[in-house]
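Read through the structure below, which is laid out as structure tokens, and then see the notes.
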Amino acid sequence: MLAEIKRRNLPETIPNGLTKENWAAYKKEMIALFEKEEYGVTPEKPGCVRWEVEKQHDTVGGKAVHNLVKLTFETPMGDFTFPFDTVIPNTGKPVPMFVYISFHPYGAGQYLPIEEIIDSGYALAIVNYNDVTKDTNDNFESGIAKMYPRRNDGTDWGKIGMWAFAASRMMDYIQTLPAVDREKIYVAGHSRLGKTAIWCGVQDERFAGVISNDSGCSGAAVTRGKKGEHVVHITKNFPYWFCKNYQKYIENEDSMPFDQHQLLALVAPRPLCVGSASEDEWADPESERMGAYLAGEAYEMLGLKGLSGDIEIPAEPGDKQFGGKVGYQLRKGTHFLSRYDWQRYIEFFNQQ
Ligand code: GCU
């Protein structure tokens, strides 16, 4: 893999002169770069965030409490409200939590084995991303998108940024819950929402860790030299996920002043777990593993262990490398967030 990394001519994870001392300033600069060139500029944290808990009842056979929360915050165009759900085990002591950015409304869809996660001792906060803004090319007219005027200068935020921003507003609420361990709140997502989880965790340090499942292009996979999807495809099919500037790099990826491993690196020093599926060629498992491995160099610079294991050995389905603060796991099969994946992520965070 090292020869392959060299061949791809990727930007250095640790540019000359980067040290522990100037890491925070570097991180700030890099976030500004990713805002300007890829995901768009995130608005300021709203001044006023409030919520109502609409329903409260026992779930999972009495092992947990389910709440429907309606969260409201100020925007330049007035108040915006979106719903999300929490499921918190009745253990009587603060528990870790996954903030899961979901493709589906609570209780629907096939990616979230709620009972198993609760039984593992984790709470969940679940937002249906379409309740934040629709995953369609709607001219930024649905949900939160219409609440923020656009400058049309190439840097306006795309929907990945909006979904990530909503997860941070959920965090505003979760921070107030005595039943949740504030030091152990992790953000998780699959595919386009894995990209979102990374971008959210990078910007919001209240998240103690990040799970990226099969996030591929513009997520955990390094872009230069990857297989499957590239900037040309993703910006053609989903231009509204990104800022307009990202389109400058169509068929011109070598000129990007960044690559995705540098984004993953910004999760440091907090734990990061990247998962791939062996037959997910569009996302490209090898490039996802490369992203995780190279991000590990930032952890090492900070005196922590990055991605453990021998990077020269190709990962086989079922392999996991969980020895450090960066984890990587490869599931056999196609693009999906499976029960098996969740078991691996829980195993990884239990070890931290
Ligand atoms: C498409 C897209 C990917 C994305 C995926 C998903 O395949 O090209 O970038 O990750 O959808 O979100 O399922």
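From a predicted model like this one, the values you see are computed outputs, not experimental measurements. First listed ligand is number 1; within each ligand, the first listed atom is number 1. Residue numbers start at 1 and run along the sequence shown.
Each of the following atoms of ligand 1 lies closer than 4.0 Å to a heavy atom of K195: 3 (C), 4 (C), 9 (O), 10 (O). Here is the list of ligand 1 atoms found below 4.0 Å of a heavy atom in W282: 2 (C), 7 (O), 8 (O). Using a 4.0 Å cut-off to heavy atoms of S191, the atoms of ligand 1 that qualify are 4 (C), 5 (C), 6 (C), 10 (O), 12 (O), 13 (O).
If you look at Y106 and H66, their ring centroids are closer than 6.0 Å. Between Y293 and Y328, the ring center distance fails the sub-6.0 Å criterion. With ring centers used as reference points, Y186 lies under 6.0 Å from F349. Aromatic ring centroids of W342 and Y111 lie 6.0 Å or more apart.
Protein heavy atom nearest atom 11 (O) of ligand 1, with residue, atom name and distance: R192 NH2, 2.9 Å. With respect to atom 8 (O) of ligand 1, the closest heavy atom belonging to the protein is E229 OE2, 2.5 Å.
Every N/O-N/O distance between D214 and ligand 1 stays at or above 3.5 Å.
Put simply, no part of H233 is less than 4.0 Å from ligand 1, judged by heavy atoms. The closest approach between I234 and ligand 1 falls below 4.0 Å for a heavy atom of the residue.
Between the side chains of Y122 and N350, at least one donor N or O sits under 3.5 Å from an acceptor N or O. Q329 and D341 share a side-chain donor-acceptor pair at under 3.5 Å.
Proximity of H190 to ligand 1, defined as any heavy-atom pair under 4.0 Å, is not found for any part of the residue.
Compare F238, F103, F336 by their heavy atoms: the one nearest to atom 1 (C) of ligand 1 is in F238.
Nearest heavy atom pair, residue K305 against residue E300, reads C-OE2, 4.2 Å.
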